[in-house]
There are 2 protein chains.
Amino acid sequence: MAINKKEAFTPIDQKLADLAKAMSHPARIAILRILAAHNSCICGEIVEVMPLAQATVSQHLKELLNAGLIKGTVDGKKSCYCINWDTFKDFNAEFNTLFGDLQIIASNQSCC
Amino acid sequence: MAINKKEAFTPIDQKLADLAKAMSHPARIAILRILAAHNSCICGEIVEVMPLAQATVSQHLKELLNAGLIKGTVDGKKSCYCINWDTFKDFNAEFNTLFGDLQIIASNQSCC
DNA sequence: ATTATATATCGCAAATATACGATAATAAAA
DNA sequence: TTTTATTATCGTATATTTGCGATATATAAT
């Protein structure tokens, strides 16, 4: 049991779900805010501000990387992370499309 | 270990994360699409279309209920579910605010 | 009253996610 | 070259999510 059934759904809904999952922890939203607010994005500064251990922050950064929401470059002793605006805006548009789709389809209905 | 640290973050980021979590499975996005596309929202029709067992669909519906994204009323032998537009639009606005916040803060920066 | 139908809940198994200490890897500094 | 500093990864413990069969619950139909 508990076999993964996510592949049974449309690619669009899978993509939306993956984005939502990347956003589904307040630590990751907080990291995005921190990255957006800094000119130079250094991982160490993130760890200092976050109420989590270094290993945990690194793990959250990795998930944001996998989702494509941030970019990371190794810069000598430090690592530099910043928001990947290309995919970020794409995701934003995709979510607005979802919200729009739902509202337009159901706009002339009164249910429940 | 693995104690929940979510309370250490701001209420806004917790709320956004909770919404994102509700959206973080393609089955739940698919359910929202189905509810939006139907005039009368009957749970049975959802189960028929979804590639999941009845018990699993019922569980996903419960999670959408908990997140406030849908409303449900017991209607005789059947249950009627539909989208809760009030909270839904609120959530949409909140997400757009997040995206907007991040972009405005970082609009004049070129990093990485 | 019995049967059939629709949905929710329980209990369990498996998979993922969360969190952190310890350690590895890498580069700057001494 | 040894030390120090920064970040990633490994291993592990625990918590949560996902999925479903079985069962409970409640109404409609017979």
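Proteins come first, then strands; the chains are lettered A, B, ... in the order of their sequence lines, and each starts at number 1.
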message = By nearest heavy atom, map B/K5 and B/V47 onto DNA chain C; which one lands nearer the 5' end?
response =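 Between the two, 5'-proximity favours B/V47.
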
request  = Using the closest heavy atom to pick a nucleotide of DNA chain C for each, name whichever of A/A55 or B/T56 lands nearer the 5' end.
outcome  =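 This one resolves to B/T56.
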
Rounded to whole Å, please give me the gap between [atom1] in [X] and [atom2] in [N].
X: B/E7; N: C/dT18; atom1: CD; atom2: C1'; value: 14 Å
X: A/K62; N: C/dT18; atom1: NZ; atom2: P; value: 14 Å
X: A/E45; N: D/dA5; atom1: CD; atom2: P; value: 17 Å
X: B/E48; N: C/dT7; atom1: CD; atom2: P; value: 9 Å
X: B/L52; N: C/dA8; atom1: CG; atom2: P; value: 15 Å
X: A/I46; N: D/dT6; atom1: CD1; atom2: P; value: 14 Å
X: A/M50; N: C/dC20; atom1: CE; atom2: C1'; value: 14 Å
X: A/L61; N: C/dA19; atom1: CG; atom2: P; value: 13 Å

Think [X] has a side-chain N or O under 4.0 angstrom from the OP1 or OP2 of [N]?
X: A/S58; N: D/dA8; result: yes
X: B/H60; N: D/dT17; result: no
X: A/N4; N: D/dT18; result: no
X: A/S79; N: D/dA8; result: yes
X: B/Y81; N: C/dA8; result: yes

ask   = B/H60 versus B/T56: any side-chain heavy-atom pair under 4.5 Å?
value =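 In short, these two side chains touch, coming nearer than 4.5 Å.
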
inquiry  = If I compare all heavy atoms of A/L32 with all of A/I83, which pair ends up nearest, and what's the gap?
reply    = O-CD1, 3.6 Å

Between the side chain of [X] and the main-chain N/O of [Y], is any donor-acceptor distance below 3.5 Å?
X: A/S58; Y: A/Q54; value: no
X: B/S24; Y: B/K21; value: yes
X: B/Q14; Y: B/F9; value: yes
X: B/R28; Y: B/M23; value: no

request  = Answer with base, sugar-phosphate or nothing: what part of the nucleic acid does B/Q59 contact at a heavy-atom distance below 4.0 Å?
outcome  = base

message = The side chain of B/Q54 is closest to which nucleotide in this list: C/dA8, D/dA8, C/dT18?
response =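 Of the candidates, C/dA8 comes closest.
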
message = Does anything in residues 10-25 of chain B come within less than 4.0 Å of DNA chain D? Heavy atoms only, and list the residues if so.
response = B/K21, B/H25

query = Given A/F99 and B/F88, is the ring pair (Phe, Tyr, Trp, His ring centres under 6.0 Å) satisfied, shown in steps?
reply = CA-CA 9 Å; A/F99 283 116; B/F88 204 78; 5.2 Å; yes

